[in-house]
Visitor: 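Just dropping this structure here.
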Amino acid sequence: MNFALVDCNNFYASCERVFNPRLIGRPLVILSNNDGCVIARSEEAKQLGIKMGAPTFKNETFFRQHQVAVLSSNYALYGDMSARVMEVMRPLVSAMEVYSIDEAFLSLDDAHGEDFAREIRERVRQWTGIPVSVGIAPTKTLAKLANRLAKKTPQRQGVLDFTRVPDADAILAMVPCSEIWGIGTRLSARLAPMGIQTARDLKYAEMANVRGALGVIGERIARELGGLPCLDLEELPATKKGIASAKSFGHPVETLQELEEALASYTARVGEKLRAGRLLAAHVSVFVETNPFSATQPQYNAGAQTTLLQPTNQTSVLIAAALDLLRSIYRVGYQYKKTGLFVTAMSPEGAVQLSLFEEREDKPVAQGLSVIVDQLNRKLGANTVRYGSMGTRDTWAMRQNRRSRKFTTRWSELPVAKA
DNA sequence: TCTGGGGTCCTAGGACCC
DNA sequence: TCTGGGGTCCTAGGACCC
């Protein structure tokens, strides 16, 4: 059995191009939330040397000079396109793991090689408009690596079956450790003094040394490079251990009220996610921070946590807890840049341990309210119905000045064809 | 003026138990 | 007078991924 890793090429840029063909052939970048920095680039933008994470404000002139198309990110579109790509592939294989918004591992029979990979590619392209690359190998780590090579080497035309390459070690010798899946700059810096520079070096390194330097993660990666599978296909998404919502503000925020409104809004989002997953959370943590990039403003970072008497997914309960925590860490005199919350200690709905000290609260009413709010907001758009503490002015809201339309998920934003 | 957000896994150390 | 060893659970922090 082998793994295939299918990865969408320049996914966000490709999604935008499906609905706006004028973007084809031009350099195109997609910005992070708040239009803060570059998080995705078309091939042409990469050619121009635009780096991942490049701050927008330092590059506006460059973008204009090179006629780079610049868009805010449109996650409603990317999420929906992702689901379509996955559904095209799912019937073609016996098992699939959706690994990220633009990647999936597939389980392949030994008979399935590059012909099959090309078939997947063609079908996804034809049915969704999204180009993908496919890497095939006996382990996930090698499949990742094969995928990168398939993408980077034009003559491979987007597919590479690593089980059939004549000299695998010669290929591994060209891959620096920092480009191996799971090894970043910090870990590769630990390997360098041991003379381990490339994937080939790591494959043949003394396992005890690798383990000493990188722990079990590193040992697993090294063994996978050698062709020994240590990571399984995970078909079912693991139950979430926590749900977070945190965002930077469009402008610096000083008042407690604005922080409260922002945090209440993020909390409402977390409540929606909990209910969508039929989960309850028992632990809430909240943090605030100032702008770490500012050399002149005084810095302040703080966080606080609490455990609820009873696990919940009710937005009103979560907001009350989150705002209490926020008030306990808020200090006057700072320019806040970001706040957010993280809920943990999750349990499935319907398996609640009642607190010893708490009477059963009037669940049906609260739950009914949240369900109706969820339905209305799904139908009419996010935040149509709000909790009072969220305010209505959104003075703190993130910038998103250049977003394309929600072509596939909102009737009012459907693409229009003129014939 | 302007630098993302949402996750996972592992490790070390302390508290506590028998 | 003497003061172990092995285990679990929790938390904080580090590193990574997309």
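Since the model is a prediction, treat every value here as computed from it, not as a measurement. Throughout, a chain's letter reflects where its sequence line sits, starting with A, and its residues are numbered from 1.
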Visitor: With the side chain of A/C37 defined as its heavy atoms from C-beta on, choose the nearest nucleotide among B/dT3, B/dG5, C/dA15.
Guide: B/dT3
Visitor: Any side-chain N or O of A/K144 below 4.0 angstrom from OP1/OP2 of C/dC18?
Guide: yes
Visitor: Rounded to the nearest 0.5 Å, what separation is found between the CZ atom of A/R121 and the OG atom of A/S133?
Guide: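 Between atom CZ of A/R121 and atom OG of A/S133 there are 6.0 Å.
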Visitor: Heavy atoms from C-beta onward define the side chain here; which of B/dT3, B/dT11, B/dG6 lies closest to that of A/V216?
Guide: B/dT11
Visitor: Given C/dC16, B/dG5, C/dC18, which nucleotide is nearest the side-chain atoms of A/K247?
Guide: B/dG5
Visitor: Report the distance from atom NZ of A/K58 to atom C1' of B/dT1, rounded to the nearest whole Å.
Guide: 14 Å
Visitor: Going by distance alone, is a donor N or O of one side chain under 3.5 Å from an acceptor N or O of the other, for A/D102 and A/Y78?
Guide: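 There is no such pair between these side chains.
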Visitor: Out of B/dG4, B/dG6, C/dC16, which nucleotide sits closest to the side chain of A/L187?
Guide: C/dC16
Visitor: Examine B/dT3: is either OP1 or OP2 under 4.0 Å from a nitrogen or oxygen in the side chain of A/K51? Give yes or no.
Guide: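 Negative; the distance criterion is not met.
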Visitor: Please determine whether a side-chain nitrogen or oxygen atom of A/K338 lies at a distance below 4.0 Å from atom OP1 or OP2 of B/dG4.
Guide: no
Visitor: Does one side chain, of A/H283 or A/T344, offer a donor that lies under 3.5 Å from an acceptor on the other?
Guide: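 No, because no side-chain N or O of A/H283 sits under 3.5 Å from a partner of the opposite role on A/T344.
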Visitor: What integer number of Å spans the P atoms of B/dC17 and C/dT3?
Guide: 23 Å
Visitor: Please state how far atom CH2 in A/W181 lies from atom P in C/dC18, giving the value in whole angstrom units.
Guide: 8 Å
Visitor: Should A/S245 be listed as having a side-chain N or O under 4.0 Å from OP1 or OP2 of B/dG5?
Guide: no
Visitor: For the side chain of A/P55, starting at C-beta, report the closest nucleotide among B/dG6, B/dT3, B/dG7.
Guide: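 Given the options B/dG6, B/dT3, B/dG7, the side chain of A/P55 is closest to B/dT3.
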Visitor: Let me know the distance between CZ of A/F293 and C1' of B/dT1, rounded to the nearest Å.
Guide: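 That distance rounds to 15 Å.
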Visitor: Where the side chain of A/A244 is concerned, which of B/dG4, B/dT3, B/dG7 is the nearest nucleotide?
Guide: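 The closest nucleotide is B/dG7.
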Visitor: Ion pair present between A/E260 and A/R327, side-chain N to carboxylate O less than 4.0 angstrom?
Guide: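 Counted as a salt bridge, because a side-chain N and a carboxylate O are separated by less than 4.0 Å.
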Visitor: Counting side-chain heavy atoms from CB outward, which of B/dC2, B/dG7, C/dC16 is closest to A/T185?
Guide: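 Nucleotide nearest to A/T185's side chain: C/dC16.
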Visitor: When the distance from CD1 of A/I221 to P of C/dC16 is rounded to whole Å, what number comes out?
Guide: 10 Å
Visitor: Checking A/K140 against A/F105: charged group under 6.0 Å from the ring centre and within 45 degrees of the axis?
Guide: yes
Visitor: Please give, in whole Å, the distance from B/dG7 P to A/I101 CD1?
Guide: 13 Å
Visitor: Return the nearest nucleotide to the side chain of A/I217; candidates are B/dT3, C/dA15, B/dC10.
Guide: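 Among B/dT3, C/dA15, B/dC10, the one nearest the side chain of A/I217 is B/dC10.
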Visitor: Choosing from B/dG6, B/dT8, B/dC10, which nucleotide comes nearest the side chain of A/R220?
Guide: B/dC10
Visitor: Which nucleotide in the list B/dC2, B/dG5, B/dG7 gets nearest to the side chain of A/K273?
Guide: B/dG7
